[in-house]
There are 2 protein chains.
Amino acid sequence: MSRAETSRRGGRSSRAGIRDVAAAAGVSITTVSDALNGKGRLPDATRRHVREVADRLGYRPSAAARTLRTGKSGLIGLTVTTYGDEPFTFTEFAYFAEMARAATSAALARGYALVILPATSRHDVWSNVALDGTVVIDPSDQDPVVSELVRQGLPVVSDGRPAGSLPVTAWVDNDHEAAVLGILDHLADAGARRIGLLTGTTTDTYTHLSTTAYLRWCERVGQDPVYEAYPAHDPCAGAVAADRLLARPDRPDAVYGLFDPNGTDLLAAARRYGLRVPDDLLLVCCSESTVYANTEPPITTLSLKPRRIGTAVVQLLIDAIEGVDSEQPVEQVIPTELIVRTSSQRRPPRTTVSPPRSPENR
Amino acid sequence: MSRAETSRRGGRSSRAGIRDVAAAAGVSITTVSDALNGKGRLPDATRRHVREVADRLGYRPSAAARTLRTGKSGLIGLTVTTYGDEPFTFTEFAYFAEMARAATSAALARGYALVILPATSRHDVWSNVALDGTVVIDPSDQDPVVSELVRQGLPVVSDGRPAGSLPVTAWVDNDHEAAVLGILDHLADAGARRIGLLTGTTTDTYTHLSTTAYLRWCERVGQDPVYEAYPAHDPCAGAVAADRLLARPDRPDAVYGLFDPNGTDLLAAARRYGLRVPDDLLLVCCSESTVYANTEPPITTLSLKPRRIGTAVVQLLIDAIEGVDSEQPVEQVIPTELIVRTSSQRRPPRTTVSPPRSPENR
DNA sequence: TGACCATGCAGAAACGTGTCTGTCAACGCG
DNA sequence: CGCGTTGACAGACACGTTTCTGCATGGTCA
């Protein structure tokens, strides 16, 4: 007791520890711990007394000590794949921003916090933070980071179905093939005769699945594929690719762009070539941005529902962390949403096509 | 030694600890720690030997134990102000996304990781994570979180100059008054006779400083202020406010919008009223989005340079954490950048639009 | 040859918490 | 009255590091 008092380094500099609270309340360390965590069997009077003393001393339990003892840190890693020199692209596109935001909210609601980590990092950064689990966005084939984490016994949940035989604990994804087929059918219904695709050169599963779905659709309906691919992380390359697509001799009369900026790029290219949208060219792109509601004309977009994905990923991960053997499948598919606007309707109905939605789309 | 061996809970489940490495290498714990951290005075042979054994065992030091011992976690909190029910708005606007991205990169480069935390949270989330310091975006007046953190002795650096007497360690901001004055002068030079403002109803310093700068400019040049204010977090309200501004009897012939979506909203409203941009209406808005390079017409934007701000904030914070008494001032002002496009030039320069190239160019 | 220092390494004390084990008193019951 | 049981709490250990202190050894110099 007096030892606990004097073992403090003389000064009052250090924050109050559990020993100080115990001494001030006249009880033992065990009682303090039990009282604050609601664990043991204590009379309410003691519990209240200890809590009041702790508040008065401004006691905050040490997160490091708690983590060391319990083995749980309450931290979840959030990893995004990287392109080029920048440590990560994070929010090149609105998708990541929305997804990360939803994931953070969901984690917070269950008492966890998110740590942003780069996929390509030296081990020192990763091992410097105690994680309970990790969310991986779009893991690449044979991702070494994922393998290492799984080897350490940490749960890993991925946004995007893992390529190859990546041993993730669970994953969440859209049905990209169904989404692309739906869009192509939608465009064909609107009168498109030759549908082009603006796609990427990267090998992630989203690009791959979408492109092969397009190719298979073309084969089925007997249309020659018309597409341009470009490195998706380079916005300038996107504008150039959009221009090239509309400059082709076999110019498409409808285009689906896989990436967020494709809409404005295609619109600008169409203007350069004197093509009217939707009269001469139908347009759809995959985007989470609200700007496409106010462009001239408004552009039909496919939403991957990143909010729902981010939430689902975190729920799955925390369930795995806390050992809740959820009976749900470890693979979860989130439906996409096609927001139909003027750009994909050859004969725009004079009624408001999409009812004025509230900003809150749940 | 044999005790360390048998004290492991029998199974091989647990990860290898420093004791296991020491035993396997035939040295003491001290030697292992020194060898891996490059601390003590050891012959290179021993150092190499220990490192090799550690690698072979897949040894990863426990971040929790290290944090508990050293008092440094390598974690930096990132807090953004919240509106309404959602835990935070994070990336309502591209600004936050860019800023957070730059901050993460800068932190990673110095061996730190960022933890996303909400400003309005119960203490349990905050005290569950051991932070070395915190970045606060746009702290509100008398922010209780900031006060609490400072009281605990943690460095706090804010993005946005702190309102009131908030005791932050340092802050970084733009010179918003100068930026607004520069835009107003730019618009006046382009021939604007009556400049309107689209502003917010919130009380953050950005909105406040920008609005007062506008009002003072109006007073100086003898123009009646023409502005509409709306809750900036509600995108629908922004569209409505833009419409209202252009529907006024004293309709402005130039508008500056303080928030990111104002550009497209104003453009849509102008179209509704048959106003041509820039002939009938000059337009500038504050945005980090690249979509304004490809709108019709392209819109002049003011960039707050969030990348530079995010980097500067983190550098300042880590300097404070590591006790680098930087001789730099604790207040750092980042210059803004006006990206002049067609929408703010009454006589658009003869931009050589790339002519429709022949389809044959490969 | 003894004093002294540099070198290479081991032992043990923290860091602050959660929790297992155990003690002590009171109490019901035969 | 003896004894098992239960409630309320204290003591002590473990979590896995970092680091302070200290011991042995061998070489150098007076």
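A, B, ... follow the sequence lines: proteins, then strands. Residue 1 opens every chain. None of the values given here were measured: they were computed from a predicted structure. The analysis underlying the following values was restricted to heavy atoms, covering all of them including side chains, and did not include hydrogens, waters or symmetry mates.
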One should read off an interatomic distance between B:Thr79 OG1 and B:Asp138 CG, to the nearest 0.5 angstrom, of 12.0 Å
B:Arg151 meets the salt bridge (charged side-chain N to carboxylate O under 4.0 Å, His left out) criterion, sequence neighbours left out, with B:Glu148
Without swapping roles, check the side chain of B:Thr169 against the backbone of B:Val157 for a donor-acceptor pair under 3.5 Å. no
In whole angstroms, the gap separating P of D:dC15 from NZ of A:Lys72 amounts to 16 Å
Please check the phosphate of C:dC9 (OP1 and OP2 only) for any side-chain N or O of B:Ser28 closer than 4.0 Å.
no
Here the distance between atom C1' of C:dA10 and atom CD1 of B:Ile18, to the nearest Å, is 13 Å
Out of C:dT19, D:dC9, D:dT17, minimum distance to the side chain of A:Thr30 belongs to C:dT19
Within the pair B:Thr31 and C:dA10, is there a side-chain N or O less than 4.0 Å away from OP1 or OP2? yes
Check your understanding: Just by distance, do the side chain of A:Ser73 and the backbone of A:Ala130 share a donor-acceptor pair under 3.5 Å?
Key -> yes
To the nearest angstrom, the CZ-P distance between B:Arg19 and C:dA10 comes to 16 Å
Rounding to 0.5 Å, atoms CZ (B:Arg307) and CZ (B:Arg101) come to a distance of 5.0 Å
Counting the atoms with a prime plus P, OP1 and OP2 as sugar-phosphate, which does A:Ile29 contact under 4.0 Å by heavy atoms, base, sugar-phosphate, or nothing? nothing
| task | Report yes if a side-chain nitrogen or oxygen of B:Lys39 is closer than 4.0 Å to either non-bridging phosphate oxygen (OP1 or OP2) of D:dT19; otherwise report no. | result | yes
Rounded to whole Å, the CG-P distance (A:Asp34 to C:dG18) equals 9 Å
Note: contacts of residues 43-58 of chain A with DNA chain D (heavy atom, under 4.0 Å) are A:Pro43, A:Thr46
note: B:Leu42, atom CG; C:dA10, atom P; distance rounded to Å ~ 10 Å
Rounded to the nearest 0.5 angstrom, the CG-CG distance for A:Leu78 and A:Leu114 is 5.0 Å
| request: For the pair B:Trp126 (side chain) and B:Pro118 (backbone), establish whether a donor and an acceptor sit closer than 3.5 Å, ignoring hydrogens and angles. | output: yes
Q.
Quick one about B:Ser33 and B:Thr30 (side-chain donor to acceptor, distance below 3.5 Å, no hydrogens or angles considered), yes or no?
A. no
| message | Main chain of A:Trp171, side chain of A:Arg161: is a donor-acceptor contact present, judged purely on distance under 3.5 Å? | response | no
Assert: residue with more 5' nearest nucleotide on DNA chain D, out of B:Asn37 and A:Gly26, is A:Gly26
In numerical order, the residues of residues 60-67 of chain A whose heavy atoms come under 4.0 Å of DNA chain D are none
Between CG of A:Leu68 and C1' of C:dC15 the distance, given in whole Å, is 9 Å
